[in-house]
Chemist: 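Let me begin by handing over the structure; questions about it come next.
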Amino acid sequence: MLVSMGASFIRTPTLLFLLLIAMGAAALVQGQGTRVGFYFRTCPQAESIVQKTVISHFQSNPVIAPGLLRMHFHDCFVRGCDASILINGSSTEKTTGPNRLLNGYDVIDDAKTRLEAACPGVVSCADILALAARDSVVLTKGITWRVPTRGGRRISNYPGLE
């Protein structure tokens with residue numbers, strides 16, 4: 001079965017496989033000291049800001065949905081979910097072969113800009129990526145899940161500056 005998204009088509013089994021990978025990554029991260037609702041006190045609108053940003057970009061370009069999920073998978077696959085895929089530079093994960101073609105970097109940048117305006121220096125890029133991946137799956141009529149955020153894992157508000 002094919003899922004139509006504008007000019008692009010995604011095979012349903014492929015989307016389901018990627019969804020299972022993302023959910024597995026979320027479960028793995030949960031064991032690293034993260035928790036659902038981490039930003040409840042420090043930036044209560046964090047998840048809503050990411051969701052609205054993803055929806056806005058998805059409405060103008062539905063192809064970003066699988067790109068965000070794939071970006072989250074590629075980020076978690078290398079050294080854990082640390083937003084290292086967002087680091088600019090000539091020898092970074094972002095510039096490796098398959099990652100250069102990912103859709104959605106602009107979505108994450110936009111969400112980070114909006115979050116910095118609302119809650120400066122609070123929400124990590126790794127968490128933005130995890131939330132955006134979940135929201136992109138929901139927009140393509142996939143299931144939702146609760147995303148464990150921050151906590152004890154080693155992350156940065158600005159990837160590459162640790």
Side-chain angles (χ1 to χ4, degrees), residues 1-32 34-40 43-87 93-116 118 123-150 153 155 159:
M1 171 188 252
L2 296 176
V3 176
S4 174
M5 292 183 16
S8 174
F9 291 92
I10 301 171
R11 292 199 176 279
T12 301
T14 302
L15 186 59
L16 290 174
F17 173 74
L18 290 173
L19 175 61
L20 289 173
I21 296 293
M23 291 175 67
L28 178 64
V29 168
Q30 182 69 35
Q32 296 177 347
T34 59
R35 64 182 160 87
V36 172
F38 179 84
Y39 297 111
F40 180 72
C43 189
Q45 66 273 43
E47 291 196 32
S48 174
I49 290 171
V50 173
Q51 181 184 46
K52 288 175 184 174
T53 304
V54 173
I55 289 169
S56 171
H57 284 265
F58 178 80
Q59 288 173 338
S60 63
N61 182 12
V63 175
I64 62 103
L68 289 169
L69 181 58
R70 187 170 164 226
M71 186 184 304
H72 181 55
F73 167 75
H74 282 248
D75 180 54
C76 295
F77 185 75
V78 177
R79 291 186 313 224
C81 306
D82 59 2
S84 57
I85 197 163
L86 303 175
I87 299 171
E93 288 177 47
K94 187 175 185 176
T95 59
T96 61
N99 295 343
R100 276 185 271 146
L101 303 175
L102 291 175
N103 290 307
Y105 287 111
D106 56 328
V107 179
I108 304 303
D109 291 342
D110 190 17
K112 183 61 176 174
T113 299
R114 293 178 188 197
L115 285 162
E116 285 300 306
V123 182
S124 78
C125 293
D127 289 339
I128 295 168
L129 190 49
L131 293 166
R134 185 259 329 260
D135 295 339
S136 70
V137 169
V138 172
L139 284 169
T140 57
K141 303 197 182 343
I143 63 169
T144 189
W145 64 93
R146 295 169 39 141
V147 177
T149 51
R150 210 165 192 177
R153 67 181 159 156
I155 54 174

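Source: prediction; values computed, not measured.
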Chemist: Can you measure from CZ (Phe77) to CZ (Arg70) and round to the nearest 0.5 angstrom?
Modeler: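 Here the interatomic distance stands at 12.5 Å.
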Chemist: Show your reasoning for whether side chain to side chain contact (heavy atoms under 4.5 Å, CB included) applies to Thr144 and Val137.
Modeler: CA-CA 7 Å; Thr144 189; Val137 169; over 6 Å; no
Chemist: When rounded to the nearest 0.5 angstrom, what distance separates CG in Asn61 from CG in Asn103?
Modeler: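 So the CG of Asn61 and the CG of Asn103 are separated by 6.5 Å.
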Chemist: Taking atom CG of Asp110 and atom CG of Leu115, what is their separation to the nearest 0.5 Å?
Modeler: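 Output value for this atom pair is 9.5 Å.
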Chemist: Test of understanding: with side-chain contact (heavy atoms from CB on, under 4.5 Å), list the residues that count as partners of Thr96, not counting sequence neighbours.
Modeler: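 Partners of Thr96 under the side-chain contact (heavy atoms from CB on, under 4.5 Å) test: Pro98, Asn99.
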Chemist: When rounded to the nearest 0.5 angstrom, what is the spacing between OG in Ser124 and CZ in Arg150?
Modeler: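 Separation between the atoms: 5.5 Å.
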Chemist: Please report the shortest heavy-atom distance between Gly67 and Leu102, naming the atom on each side.
Modeler: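 Looking at all heavy atoms of both residues, the shortest contact is O-CD2, 4.4 Å.
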Chemist: Measuring only between side-chain heavy atoms, which start at C-beta, is Ile87 closer than 4.5 Å to Lys94?
Modeler: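 Contact flag for Ile87/Lys94 side chains = no.
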Chemist: Is there a side-chain contact between Ile85 and Leu129, using heavy atoms and a 4.5 Å cut-off?
Modeler: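 Heavy-atom side-chain distance check passes, below 4.5 Å.
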Chemist: Could you grab the distance from atom OG1 of Thr53 to atom CG of Asp135, nearest 0.5 Å is fine?
Modeler: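 It comes to 9.5 Å.
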Chemist: How far apart are the closest heavy atoms of Val123 and Lys112, and which atoms are they?
Modeler: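 It is O-NZ, 2.7 Å.
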Chemist: What is the minimum heavy-atom distance between Ser136 and Ala65, and which atoms define it?
Modeler: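 That would be OG-O, 3.1 Å.
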Chemist: Which pair of non-hydrogen atoms, one from Ala133 and one from Leu68, has the smallest distance, and what is that distance?
Modeler: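 Closest heavy-atom pair between Ala133 and Leu68: CB-O, 3.9 Å.
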Chemist: Minimum heavy-atom separation for Asp75 to Ala83, with atom names?
Modeler: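 It is OD2-N, 2.9 Å.
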Chemist: Rounded to the nearest 0.5 Å, what separates atom CD1 in Ile128 from atom OG1 in Thr149?
Modeler: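 The CD1 atom of Ile128 sits 11.0 Å away from the OG1 atom of Thr149.
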Chemist: Determine whether Phe58 and Val107 satisfy the following criterion, side chain to side chain contact (heavy atoms under 4.5 Å, CB included), listing intermediate values before the conclusion.
Modeler: CA-CA 9 Å; Phe58 178 80; Val107 179; over 6 Å; no
Chemist: Search all heavy atoms of Gly104 against all heavy atoms of Met71 and return the closest pair with its distance.
Modeler: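 Closest heavy-atom pair between Gly104 and Met71: C-CE, 3.6 Å.
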Chemist: Please list every donor-acceptor pair under 3.5 Å in which a side-chain atom of residues 43-52 meets a protein atom from a residue at least two apart or in another chain.
Modeler:
from: Glu47; atom 1: OE1; to: Arg134; atom 2: NH2; distance (Å): 3.1

